[in-house]
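See below for the structure under consideration.
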Amino acid sequence: MTLHTVMPLEAVWQQQGETVSTSEVRVQGVLMEVKPMDFNRVQIVRLLDGPLDCYLKPAYAPGQIIQFVPSM
C-alpha cells in the first residue's frame, strides 16, 4: 500500500486504532455521517451527499451538534 499525504505519519496511524461508532442519516435532504452523543443529539462527522449550497451552511459544518430523532 502506498500512502501519499502531507499529514505526519503519527497522525495517520493514530486514527487507525480509534473505533468510533458512526452512522449515516439523512436530515432535510442531506446525507451525513454522524456520531451519536445523547438520546436525540448527534455530532456531524462529514457530509456525504446533498445540494452544493449545503456544504457552505454553518449549520452543517463538521463538529456541529444537531437534534436528531430517529424514525422508522
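- The shortest non-hydrogen separation linking Pro36 to Ser21 is CD-O, 3.3 Å.
- Pairs engaging residues 43-52 under the side-chain hydrogen bond (donor to acceptor under 3.5 Å, both in side chains) rule: Glu33-Arg46, Lys35-Gln43 [sequence neighbours left out].
- Membership of the apolar cluster around Ile65 extends to Met37, as traced through chained side-chain contacts below 4.5 Å between ILVMFWY residues.
- With sequence neighbours left out, the side chain to side chain contact (heavy atoms under 4.5 Å, CB included) criterion links Val42 to Val34, Ile66, Phe68.
- Hydrophobic cluster membership of Val45, counting Ile, Leu, Val, Met, Phe, Trp and Tyr whose side-chain heavy atoms lie under 4.5 Å apart directly or via other members: none, as it forms a cluster of its own.
- Residue Gln28 places its CD atom among 12 or fewer non-hydrogen atoms of other residues, nucleotides or ligands, all under 6.0 Å distant.
- Applying the under-4.5 Å side-chain rule to Ile, Leu, Val, Met, Phe, Trp and Tyr, the cluster around Val6 consists of that residue alone.
- Taking the side chain to side chain contact (heavy atoms under 4.5 Å, CB included) definition, one finds that Pro51 meets it with Val30, Asp53, Cys54, sequence neighbours left out.
- Once rounded to the nearest 0.5 Å, the distance linking CE of Met32 with CD1 of Ile44 reads 4.5 Å.
- Annotation: side-chain hydrogen bond (donor to acceptor under 3.5 Å, both in side chains) contacts of Arg26 (sequence neighbours excluded): none.
- Not counting sequence neighbours, the partners of Asp38 by the salt bridge (Lys or Arg N to Asp or Glu O under 4.0 Å) test are Arg41.
- Taking CD of Gln64 as the reference point, atom NZ of Lys57 lies at 13.5 Å (rounded to 0.5 Å).
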